[in-house]
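Note that this is a predicted model, so its numbers are computed, not measured. Each chain gets a letter, A, B and so on, in the order its sequence line appears, and its residues count up from 1.
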Amino acid sequence: MIDIQYIRDNPDLVKQKSEQKGYKVDIDALIELDSRRRKLQSEIDTIRESRNKNTDDIKKSGKPTEEQIKRGVEIKQLLSQKEPEFNDIDLKWLGLYKQVPNMSLDDVPVGSSEDDNVVAKIVGEPTKFDFEPKNHAEIAEAKGWLDKERAAKVAGSRFAYLMGDLVMLDWAMNMFVLSKLTDRKFISKLIKDNNLDLDDKPFIPVQPPAVAKTEVYEATGRLNKEEQTYKLADDDLWLNASAEHVMAPIYLNEIINESQLPIRYVGYTTAFRREAGTYGKDMEGFLRMHQFNKMEMESFTNSETSYDEHLLMIAVQESIMKELGLPYRVVKKCTADIGGPNASGVDIDVWLPGQGKYRETHTADLITDYQTRRMNTRVRKQDGSLELAHTNDATALSQRPLIAILENYQTADGDVVVPEVLIPFMGGKEII
RNA sequence: GGAAGGGUGGCCGAGUGGUUGAAGGUACCUGUCUUGAAAACAGGCGUACCGGCAACGGUACCGAGGGUUCGAAUCCCUCCCCUUCCGCCA
């Protein structure tokens with residue numbers, strides 16, 4: 001949620017920014033409800049004040065008089081009228097309030113679909129082959145690394161058995177990325193190279209719960225019941241669609257001392273996505289699955305450093321792509337594409353020779369205080385004051401770079417050359 | 001799944017119907033002392049909402065929701081969570 005006071009003070013701007021994101025929220029109705037709600041609240045407060053006065057009088061005299069009891073009963077009746085009225089308005093108010101998306105930063109391109117995203121830079125050249133490159137599905141199936149037919153028998157479409165050296169390679173990549181993120185020197189260098197004003201604390205690896213309760217999941221602003229999130233039918237639990245969704249709420253209802261910031265985690269979970277509305281899209285291989293493993297950076301900062309933290313995460317992503325030797329581009333997502341909780345969103349797209357185009361492998365989300373306002377995660381500043389913590393999340397590694405390696409490192413014989421940085425994590429194997 | 005105990009301020013912890021928004025400790029902030037720090041001493045210190053330029057005032061909040069009562073942290077009901085033991089189990 002964004003600050004209600006901000007909505008009161010800037011209704012037109014909030015309308016405009018919401019529309020730019022493709023959100024239809026009735027801001028006028030929200031403001032109308034808001035003022036009715038406040039009026040009722042102060043009425044109720046006044047009635048309660050009189051109740052407390054009455055109680056106070058009784059306290060002083062010791063024994064209540066008939067008169068005082070009568071007044072108490074009257075007050076109670078009055079409250080029993082006003083309170084349900086307030087609760088009703090409050091519920092409607094909150095319903096609308098929750099729909100207001102985060103405000104995009106001014107440097108986020110305004111656009112109405114992902115076609116309006118802006119390519120910020122391109123690094124590396126699309127890989128050239130002196131043979132016709134295959135796509136990752138062809139390579140993996142020929143090697144016996146990918147079996148979707150049997151997975152379909154067991155779990156349905158968009159599931160897969162990944163096997164053999166592909167699994168080894170996946171784990172090697174995870175270990176490679178973890179070894180980077182937990183290395184203070186690596187973080188320190190990125191901060192210096194990018195002129196960021198940040199602490200060089202490394203990321204702490206986390207294996208979080210893969211599920212979250214409804215209330216908690218909703219607070220992340222990421223619960224998408226219709227299209228994305230799986231529900232566990234017998235429990236009040238949802239399967240995470242990203243470790244972000246179970247990492248961001250970690251400090252629910254807590255106050256973090258500013259001296260502990262930044263807190264940087266890299267959470268690893270299996271992510272689950274319904275992918276409703278994508279029927280027939282990306283059906284080949286394992287580009288778009290109901291289930292995949294992902295490492296996600298999640299950090300908690302104060303408000304001053306959250307933007308730099310966003311840039312750090314992008315720098316981490318780029319650095320990993322570079323070391324893996326993958327051609328990629330950096331895309332500034334437009335207002336329509338960054339998502340409700342985001343103030344800014346940047347994608348890394350990798351070049352896939354098998355498709356002859358760039359495909360998204362990483363996202364970096366600057367959330368500011370949108371999630372923490374609802375999660376009530378605050379920071380005790382050095383001067384003793386409180387502010388809402390800021391969060392950033394970003395992909396450290398999904399299974400899509402694996403696809404990129406198969407396609408960019410394939411040989412004419414159908415083998416795959418192991419990228420140099422991964423060889424130590426592959427038991428020395430140079431080709432698979 | 002069975003049994004027992006418990007959820008109070010940043011943290012620990014008193015408190016079983018009315019001067020308890022909450023003792024005490026600790027942490028934190030300020031001051032005295034000190035070359036500096038520590039220690040000691042003194043003072044300060046919850047959050048949210050509403051009103052006010054402000055000083056300040058009002059209301060709410062003792063896991064959540066409901067109830068009893070003139071009045072609830074305290075009594076009753078429902079739910080959630082945690083701890084311990086037993087059972088089952090990677």
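- Nucleic acid contact class of I255(A) (heavy atoms, under 4.0 Å, all strands): sugar-phosphate only.
- The distance from atom CG of N54(A) to atom C1' of U19(B) is 17 Å, rounded to the nearest whole Å.
- When both pairing distances are held under 3.5 Å, A3(B) makes a Watson-Crick or G-U pair with U84(B).
- Between the P atom of U69(B) and the CD atom of Q68(A) lies a distance of 18 Å, rounded to the nearest Å.
- Checking the phosphate oxygens (OP1, OP2) of U59(B), a side-chain nitrogen or oxygen of N52(A) falls inside 4.0 Å.
- Between R51(A) and A60(B), a side-chain N or O to OP1/OP2 separation shorter than 4.0 Å is present.
- We find that CG of L252(A) is positioned 18 Å from P of C80(B), with the value rounded to whole Å.
- Of the side-chain N and O atoms in K76(A), one or more sit less than 4.0 angstrom from OP1 or OP2 of G71(B).
- Remark: C1' of G67(B) and CD of E83(A) are 13 Å apart, rounded to the nearest angstrom.
- Atoms CG (N253(A)) and P (C61(B)) sit 17 Å apart, rounded to a whole Å.
- Listed by chain and number, the residues in a salt bridge (charged side-chain N to carboxylate O under 4.0 Å, His left out) with K98(A) amount to none (sequence neighbours excluded).
- At whole-Å resolution of the value, CD1 in I75(A) and P in C70(B) are 12 Å apart.
- One can place NZ of K70(A) at 18 Å from P of U69(B), the figure rounded to the nearest angstrom.
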Reading nucleotides 48-56 of chain B from 5' to 3' and marking B where a protein heavy atom lies under 4.0 Å of the base, S where only the sugar-phosphate is that close, and - otherwise, the string is -SSS-----
Practice problem: Just do the side chain to side chain contact (heavy atoms under 4.5 Å, CB included) check on K153(A) and E149(A) with the steps written out, would you? | Solution: CA-CA 7 Å; K153(A) 289 196 299 186; E149(A) 276 183 40; over 6 Å; no
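- In this structure, N87(A) atom CG and A64(B) atom C1' are separated by 14 Å, rounded to whole Å.
- From R380(A), atom CZ reaches atom CD of E258(A) across 11.5 Å, with rounding to the nearest 0.5 Å.
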